Amino acid sequence: MKIGYPCINTSIGCTANSTFRLRNYSEENMREKINNNLECLKRILEYNLKNELLFFRISSDLIPFASHPICTFKWEQEFKEEFKDIGEFIKENEFRISMHPDQFVLINSKDKRIVNNSIRELEYHCKVLDLMKLDRTAKVQIHVGGIYGEKEESIDRFIKNYNSLSDMIKKRLVIENDDRNFSLKDCLIIHEKTKVPILFDSFHHECLNNGEEVKHALKESIETWKENDGIAMTDYSNQEKGERKGVHAKHIYLEKFRKYLQETKEFNFDIMLEIKDKEKSALEAIKEVKRIRKE
DNA sequence: AGTTGTCAAGCTAGT
DNA sequence: ACTAGCTTGACAACT
């Protein structure tokens with residue numbers, strides 16, 4: 001079991017997701033930001049290694065505007081060696097790596113342009129992991145997408161569009177149950193038809209479920225991961241008290257996390273903590289994991 | 001130096 | 001009709 005946090009480290013004073021405004025696009029800006037982001041990514045990974053946080057989500061902003069038509073800069077070639085170096089560091093230390101394209105990536109959209117833009121964006125994410133020469137256990141997670149007033153049709157459209165994706169994307173793509181539209185059960189229907197692994201988000205499952213107990217839900221999602229996909233990835237968060245449903249906690253609720261670890265003790269899976277104070281909560285979580293899993 | 005409106009992209013539910 | 005929330009933070013133009 002590996003523990004991690006997404007994209008941003010708040011204590012080492014550098015960001016691997018530095019960007020600029022579209023109107024300021026230039027080769028110079030690209031070069032500067034990518035340089036900064038790759039260097040910082042390395043520093044974050046070094047921090048994580050020291051603190052035994054071996055699961056990390058790389059920011060989608062690593063390469064700004066990578067899938068935008070404006071981007072003609074050949075970043076793959078120019079930073080080939082840097083990607084390779086980071087990849088080697090990741091492999092030597094057995095980090096688990098994921099990426100999470102944002103809400104605009106919708107392969108079940110009714111609009112062909114949105115689907116095409118989404119595919120370009122997925123290609124960019126996979127390209128980053130390919131350049132690092134990571135195997136197919138490094139994953140790219142997305143949600144199923146929109147409902148567009150007709151859930152079944154939208155699921156069918158997801159399946160149809162998924163099937164036409166390139167192997168480059170298929171080998172890394174996993175789907176996550178979300179908190180409002182597509183539950184674990186919906187994801188399982190899609191898995192039946194496509195074999196796409198399901199990344200279980202325990203907090204989303206709390207928000208939207210079909211009455212399954214956490215343990216059972218987790219087990220079902222774990223079973224969708226094949227040998228060469230690696231250990232199942234999961235997301236974990238808590239509801240922030242006093243905020244509306246679905247708002248992520250500022251700081252981990254350790255009691256709840258402990259309970260979750262106890263309940264799921266018999267399974268092996270990796271946990272991404274989607275908590276707003278990032279590595280601060282992750283540091284507390286890793287202590288709990290070491291304590292409870294050693295018992 | 002600090003503040004604040006705004007940022008490529010979409011969808012949904014709540015106000 | 002508008003906005004928050006989604007990984008929500010960071011850029012950049014303004015005091």
Side-chain angles (χ1 to χ4, degrees), chain A residues 4-11 13-26 29-30 32-33 36-37 40-41 44 55-71 97-125 139-151 153-154 157-158 175-183 186 199 201 203-204 207-208 233-240 242-250 252 271-282:
Chain A
Y5 60 97
C7 310
I8 293 163
N9 178 295
T10 65
S11 43
C14 80
T15 55
N17 57 332
S18 182
T19 182
F20 49 84
R21 295 288 177 256
L22 181 58
R23 64 177 179 275
N24 295 331
Y25 175 88
S26 69
N29 265 340
M30 283 295 283
E32 188 195 313
K33 295 301 180 186
N36 171 82
N37 291 348
C40 181
L41 175 59
I44 293 175
F55 188 14
F56 190 66
R57 183 184 297 164
I58 297 172
S59 169
S60 296
D61 283 333
L62 189 73
I63 313 296
F65 304 104
S67 77
H68 191 285
I70 201 172
C71 180
I97 299 295
S98 67
M99 294 186 84
H100 192 341
D102 62 28
Q103 60 271 32
F104 313 107
V105 173
L106 298 154
I107 67 168
N108 79 341
S109 175
K110 287 180 162 176
D111 184 337
K112 226 176 168 181
R113 283 170 311 172
I114 293 173
V115 175
N116 284 335
N117 289 345
S118 297
I119 291 172
R120 283 170 61 93
E121 184 71 356
L122 288 172
E123 278 168 352
Y124 148 62
H125 283 78
K139 295 300 187 189
V140 173
Q141 66 186 94
I142 59 169
H143 298 279
V144 178
I147 290 180
Y148 309 96
E150 235 308 323
K151 196 167 185 178
E153 279 178 22
S154 296
R157 217 164 36 245
F158 182 97
I175 54 170
E176 173 193 346
N177 57 304
D178 70 73
D179 58 345
R180 289 202 296 237
N181 302 328
F182 295 97
S183 65
D186 299 320
L199 188 154
D201 186 312
F203 180 42
H204 289 165
C207 299
L208 178 70
M233 287 179 178
T234 67
D235 284 349
Y236 180 88
S237 190
N238 298 125
Q239 171 68 42
E240 180 62 40
E243 294 287 340
R244 32 194 251 195
K245 186 174 145 183
V247 175
H248 289 232
K250 290 186 181 71
I252 191 166
I271 305 179
M272 178 63 62
L273 294 161
E274 294 186 331
I275 309 276
K276 289 183 184 173
D277 67 1
K278 307 288 175 181
E279 81 286 353
K280 292 187 179 71
S281 286

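Worth saying up front: this structure is predicted, and the values here are computed from it rather than measured. The chains referred to below are lettered A, B, ... by the order of the sequence lines, with proteins before strands, and numbering in each begins at 1.
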Please state how far atom [atom1] in [X] lies from atom [atom2] in [N], giving the value in whole angstrom units.
| X | N | atom1 | atom2 | result |
| --- | --- | --- | --- | --- |
| A:Asp178 | B:dG10 | CG | C1' | 13 Å |
| A:Gln103 | C:dG9 | CD | C1' | 13 Å |
| A:Asn181 | B:dC11 | CG | P | 11 Å |
| A:Arg21 | B:dC7 | CZ | P | 8 Å |
| A:Asn116 | B:dG10 | CG | P | 14 Å |
| A:Ile63 | B:dA9 | CD1 | P | 20 Å |
| A:Asp277 | C:dT8 | CG | P | 11 Å |
| A:Asp102 | B:dC7 | CG | P | 16 Å |

Using a 4.0 Å heavy-atom cut-off, does [X] contact any base of the nucleic acid, only the sugar-phosphate backbone, or nothing at all?
| X | result |
| --- | --- |
| A:Arg120 | nothing |
| A:Ile70 | nothing |
| A:Pro101 | base |
| A:Ser118 | nothing |
| A:Tyr148 | sugar-phosphate |

Considering only atom [atom1], compute the distance from [N] to [M] and round it to an integer number of Å.
| N | M | atom1 | result |
| --- | --- | --- | --- |
| C:dA13 | B:dA8 | P | 12 Å |
| B:dT12 | C:dT7 | P | 16 Å |
| C:dT3 | B:dA9 | P | 16 Å |
| C:dA4 | B:dT6 | P | 13 Å |
| B:dG5 | C:dT8 | P | 22 Å |

Face-to-face stacking of A:Phe104 with B:dG10, centres under 5.5 angstrom, angle under 30°: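 Stacking is absent between B:dG10 and A:Phe104, given that the ring centres and planes do not meet under 5.5 Å and under 30°.
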I want to check one thing: is the phosphate of [N], taken as OP1 and OP2, less than 4.0 Å away from some side-chain N or O of [X]?
| X | N | value |
| --- | --- | --- |
| A:His204 | C:dT7 | yes |
| A:Ser67 | B:dA9 | no |
| A:His248 | C:dG5 | no |
| A:His68 | B:dA8 | no |
| A:Arg23 | C:dA13 | yes |
| A:Asn17 | C:dG9 | no |

Between [options], which one does the side chain of [X] approach most closely?
| X | options | result |
| --- | --- | --- |
| A:Cys7 | C:dT7, B:dA8, C:dA12 | C:dT7 |
| A:Ser109 | B:dA9, B:dC11, C:dT7 | B:dC11 |
| A:His100 | C:dT7, C:dC11, B:dA8 | C:dT7 |
| A:Arg180 | C:dG9, B:dA13, C:dT7 | B:dA13 |
| A:Ser60 | B:dA8, B:dT12, C:dT7 | C:dT7 |

Check whether [X] reaches the backbone of [Y] with its side chain - one donor and one acceptor, N or O, closer than 3.5 Å.
| X | Y | result |
| --- | --- | --- |
| A:Asn181 | A:Gly146 | no |
| A:Tyr124 | A:Ile63 | yes |
| A:Asp186 | A:Ser183 | yes |

Mate of C:dT15 where both pairing distances stay under 3.5 Å, Watson-Crick or G-U: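 Matched C:dT15 with B:dA1 under the 3.5 Å cut-off.
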Partner nucleotide, any strand, of C:dC6 [Watson-Crick/G-U, under 3.5 Å]: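 Result: B:dG10.
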Single hit among A:Lys278, A:Lys280, A:Lys276 for side-chain hydrogen bond (donor to acceptor under 3.5 Å, both in side chains) with A:Thr10: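 For A:Thr10, the side-chain hydrogen bond (donor to acceptor under 3.5 Å, both in side chains) test succeeds with only one of A:Lys278, A:Lys280, A:Lys276, which is A:Lys280.
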Neighbour count above 12 (heavy atom, 6.0 Å) for A:Lys250 NZ: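 No - once you tally the heavy atoms of other residues, nucleotides and ligands closer than 6.0 Å, there are 12 at most.
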Under-4.0 Å salt bridge between A:Arg157 and A:Glu150: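 Between A:Glu150 and A:Arg157 there is no salt bridge, as every charged N stays at least 4.0 Å from the carboxylate O atoms.
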Heavy-atom side-chain proximity of A:Tyr5 to A:Phe56 below 4.5 angstrom: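 Side-chain contact under 4.5 Å: yes.
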